[in-house]
Amino acid sequence: MNEQIWTKVDDYIGERLAPRDEEFEAAQQAAADAGLPSISVSPLQGKFLSLLATMTGARRVLEIGTLGGYSTLWLAWALPIGGSITTLEADPKHAAVARATFQRAGLQDVIEVRLGKALDTLPKLAKEKPAPFDLFFIDADKANIPDYFSWALKLGRKGSVIVVDNVIREGKILDATSADANVQGVRRFYDMLAKETRVSATALQTVGLKGYDGFALAVIV
Ligand code: SAH
Ligand code: DHB
Ligand code: MG
């Protein structure tokens, strides 16, 4: 079992369940053309986010870490009329590519990109006293996952769902003495989850065209 077969299986299932769509292809092409790193969710992971949005009946989504907007498009796909996404991005180039992608898809009134480090833009957002968000996708720098999760608890409500990407890291999270800030961020996050009585949570290991990683899922109880 290796990465090659995981990729082939992702391709096989992806062809059937996450068929190539013009807007999604254009989004990935624009990101590649602009030199953005290819670290977006995979098509089947995007479909997973989309299904979660559908299953939870999400109308208001908060994403942390936009990149070129590929995961955002999948989330937008599942929204009802009147639904909206706020997505936070620190890199001006990534934000510009994402905004152009949302414009091209006709979603400029549905998706708002807020430029800046999320630890700066989240308190600003909170000051606006927004209606609670139904679904959170945390996918920015991993060192700050614990803080992003705390913000999600503040900006959510009972029943809100919080999804966190990249919380397995090829098993590197087992290394308590790791010098990798991402690993330490994820480890602090699990310790936090273990003590947090306001959520019920799990984490799922995944393999596929993005290698070996996984998602954490939490619901505010
Ligand atoms: N969710 C995207 C991938 C996001 S990659 C997708 O699946 O399509 C992570 C993104 O987080 C990058 O664009 C990076 O610039 C952004 N990021 C990193 N640190 C950040 C921070 N402190 N605040 C906001 N965004 C940040
Ligand atoms: C990286 C970030 C991601 O969100 C991801 O899914 C994969 C890789 C990264 O920063 O390398
Ligand atoms: Mg990710």
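All ligand and atom numbering here is 1-based and tracks the order in the structure. Numbering of residues begins at 1 and proceeds along the displayed sequence.
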Heteroatom test (N, O or S) for Asp213 near the Mg ion (ligand 3), limit 2.8 Å: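 Coordinating: no.
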
Taking both backbone and side-chain atoms into account, decide whether Ser40 has an N/O/S atom under 2.8 Å from the Mg ion (ligand 3).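 So Ser40 does not bind the Mg ion (ligand 3) by this criterion.
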
Under 4.0 Å from a heavy atom of Asp139: which atoms of ligand 2 are those, numbered in the order shown and with their elements?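 Under 4.0 Å from Asp139, ligand 2 has these atoms: 3 (C), 4 (O).
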
Number the atoms of ligand 2 from 1 as they appear, then name those within less than 4.0 Å of a heavy atom of Lys142, with their elements.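 In order of numbering, the contacting atoms are 3 (C), 4 (O).
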
Quick check on ring pair (Phe, Tyr, Trp, His ring centres under 6.0 Å): which of Phe189, Tyr190, Phe137 does Phe149 satisfy it with?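 Single pass found, and it is Phe189.
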
Closest N/O/S atom of Asp165 to the Mg ion (ligand 3), by atom name?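 This residue's closest N, O or S atom turns out to be OD2.
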
By atom name, which N, O or S atom belonging to Asp139 lies closest to the Mg ion (ligand 3)?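 It is OD1, the N, O or S atom of Asp139 closest to the Mg ion (ligand 3).
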
Should [X] and [Y] count as side-chain neighbours, where that means a heavy-atom distance under 4.5 Å?
X: Val186; Y: Ile145; value: yes
X: Arg114; Y: Thr87; value: no
X: Glu63; Y: Thr86; value: no
X: Thr72; Y: Phe102; value: yes
X: Ser38; Y: Tyr70; value: no

To which protein heavy atom is [atom] closest, and what is the distance rounded to 0.1 Å?
atom: atom 2 (C) of ligand 2; answer: Ile39 CD1, 3.6 Å
atom: atom 3 (C) of ligand 2; answer: Asn166 OD1, 3.2 Å
atom: atom 6 (O) of ligand 2; answer: Lys210 NZ, 2.5 Å

How long is the span from the OG1 atom in Thr66 to the CD atom in Glu112, to the nearest 0.5 Å?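 These two atoms lie 10.5 Å from each other.
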
Where on Asp165 is there a heavy atom closer than 4.0 Å to ligand 2, on the side chain, on the backbone, on both, or on neither?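 It is the side chain that touches ligand 2; the backbone stays farther off.
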
Qualifying residue, where the test is side-chain contact (heavy atoms from CB on, under 4.5 Å) with Phe136 and the options are Val161, Leu62, Val163: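 Option passing the side-chain contact (heavy atoms from CB on, under 4.5 Å) with Phe136: Leu62.
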
Given Val164, which of Leu217, Ile138, Leu193 fulfils the side-chain contact (heavy atoms from CB on, under 4.5 Å) condition?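 Going through the options one by one, the only one that passes is Ile138.
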
Report each N/O pair between ligand 1 and the protein that falls under 3.5 Å, naming both atoms.
residue  : atom   : partner : partner atom : Å
ligand 1 : 1 (N)  : Gly65   : O            : 2.8
ligand 1 : 1 (N)  : Ser71   : OG           : 2.8
ligand 1 : 1 (N)  : Asp139  : OD2          : 2.8
ligand 1 : 7 (O)  : Val41   : N            : 2.9
ligand 1 : 7 (O)  : Ser71   : OG           : 3.3
ligand 1 : 7 (O)  : Asp139  : OD2          : 3.4
ligand 1 : 8 (O)  : Ser71   : N            : 3.1
ligand 1 : 8 (O)  : Ser71   : OG           : 3.3
ligand 1 : 13 (O) : Leu67   : N            : 3.3
ligand 1 : 13 (O) : Glu89   : OE1          : 2.7
ligand 1 : 13 (O) : Glu89   : OE2          : 3.2
ligand 1 : 13 (O) : His94   : ND1          : 2.7
ligand 1 : 15 (O) : Glu89   : OE2          : 2.6
ligand 1 : 15 (O) : His94   : ND1          : 3.2
ligand 1 : 19 (N) : Asp141  : OD1          : 3.4
ligand 1 : 22 (N) : Asp141  : OD1          : 3.3
ligand 1 : 22 (N) : Tyr148  : OH           : 3.3
ligand 1 : 23 (N) : Ala118  : N            : 2.9
ligand 1 : 25 (N) : Ala90   : N            : 3.2

Short N-O contact, Lys210 and Glu170, less than 4.0 angstrom: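 Glu170 and Lys210: not salt-bridged.
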
Determine the interplanar angle of the Phe24 and Trp74 rings, folded into 0 to 90°, and report it as parallel if under 30°, tilted if 30 to 60°, perpendicular if over 60°.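 Answer is tilted, since the angle falls between 30° and 60°.
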
